[in-house]
Amino acid sequence: MLVIGLTGGIGSGKSTIADALAARGAGVIDTDVIARELTEPGQPALGEIAATFGADLIRSDGRLDRDALRALVFSDADARTRLEGILHPRIKDRMLERLAALDAPYAVLVIPLLFETNQHTLVDRVLVVDVPETVQRERVQRRSGLTHSEVDRIVASQISRAERLTRADDILDNSGDLPALLAQAERIHCSYIELAGNAKDRQIR
Ligand code: ADP
């Protein structure tokens, strides 16, 4: 199956594109969604996070205090590495399990840290959603209420916009409005359907 890796900085529009491609029939697997599932109450990863960073990261209702965890890992590089050690292997296993079970014309793996975690090696093409940093900050702050310095730290923890663009096979420009983005999603979807069809033809012959 043709496998696309969809990446971009925080707030660039990955989820918006992923939803648009899924609506057209792409098989979308979102690693942020998997990360949330893996840290639900009762999941082994949540127990490991509590054992590693302290039970006060678990709220009284048994759920992970995501704001506290984010504050911790973005102020302490070592804590971030340890958290990634708990989550990343599990996320990758579950993603590959779902990919193997997928029935769709092509797959889209949504991986925010695609290059940072070397997972570009798992995909046939890398699709980058790109926005200028000012637009990115404005959208993130509108969506999440993160402070300016929290956004700074998250952006600093990801590869630069320039490097991401250099390493992309395909780029969607999300500096415009939503209809402009959806029109690009439609075009790229058609090109992936064609690519997937060509790959299948070659296999049959
Ligand atoms: P990501 O998944 O990369 O973090 P999202 O798809 O969640 O980014 O987009 C970030 C925020 O910006 C969301 O609130 C989304 O609705 C909004 N957004 C995305 N694209 C546009 C656009 N072209 N115009 C206006 N708002 C947008």
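Counting starts at 1 for both ligands and their atoms, following the listed order. Along the sequence shown, residues are numbered consecutively beginning with 1.
The distance from ligand 1 to the heavy atoms of D177 drops below 4.0 Å at these ligand atoms: 23 (N). Atoms of ligand 1 lying under 4.0 Å from any heavy atom of G9, numbered from 1 in the order shown and given with element: 3 (O). Less than 4.0 angstrom separates some heavy atom of T16 from each of these atoms of ligand 1: 5 (P), 6 (O), 9 (O), 15 (C), 19 (C). Here is the list of ligand 1 atoms found below 4.0 Å of a heavy atom in G176: 22 (C), 23 (N), 24 (N).
When the options E138, K14, Q184, R139 are ranked by their closest heavy atom to atom 24 (N) of ligand 1, first place goes to R139. Across Q136, R143, Q141, heavy-atom proximity to atom 7 (O) of ligand 1 is greatest for R143. Evaluated by nearest non-hydrogen atom to atom 9 (O) of ligand 1, the leading choice among P179, G13, P112, G8 is G13.
For G11, the heavy-atom gap to ligand 1 drops under 4.0 angstrom. Ligand 1 does not have A180 within reach: every non-hydrogen atom of the residue lies 4.0 Å or more from it.
A salt bridge links D61 and R59; the closest N-O separation between the charged side-chain nitrogens and carboxylate oxygens is under 4.0 Å.
Between V3 and L99 there is a side-chain heavy-atom pair separated by less than 4.5 Å. Taking 4.5 Å as the limit, some side-chain heavy atom of R125 sits within range of a side-chain heavy atom of Y192.
Here S149 contributes atom OG and I154 contributes atom CD1; the two are 10.0 Å apart, rounded to the nearest 0.5 Å. Distance check: I91 CD1 to E84 CD gives 9.0 Å after rounding to the nearest 0.5 Å.
Considering both main-chain and side-chain atoms, R142 never comes within under 3.5 Å of ligand 1 through any nitrogen or oxygen pair. Considering both main-chain and side-chain atoms, I10 never comes within under 3.5 Å of ligand 1 through any nitrogen or oxygen pair.
The two atoms that bring N174 and R139 nearest to each other are O-NH1, 2.8 Å, heavy atoms only. Among all heavy-atom pairs drawn from I159 and R164, the shortest one is O-NH2, 3.2 Å.
The nearest protein atom to atom 20 (N) of ligand 1, hydrogens excluded, is given as N174 ND2, 3.0 Å; this is a heavy-atom distance. Among protein heavy atoms, atom 2 (O) of ligand 1 sits closest to S15 OG, 2.7 Å.
By the salt bridge (charged side-chain N to carboxylate O under 4.0 Å, His left out) test, E37 is found to be paired with R94, R98, residues two or more places apart in sequence or in another chain being considered.
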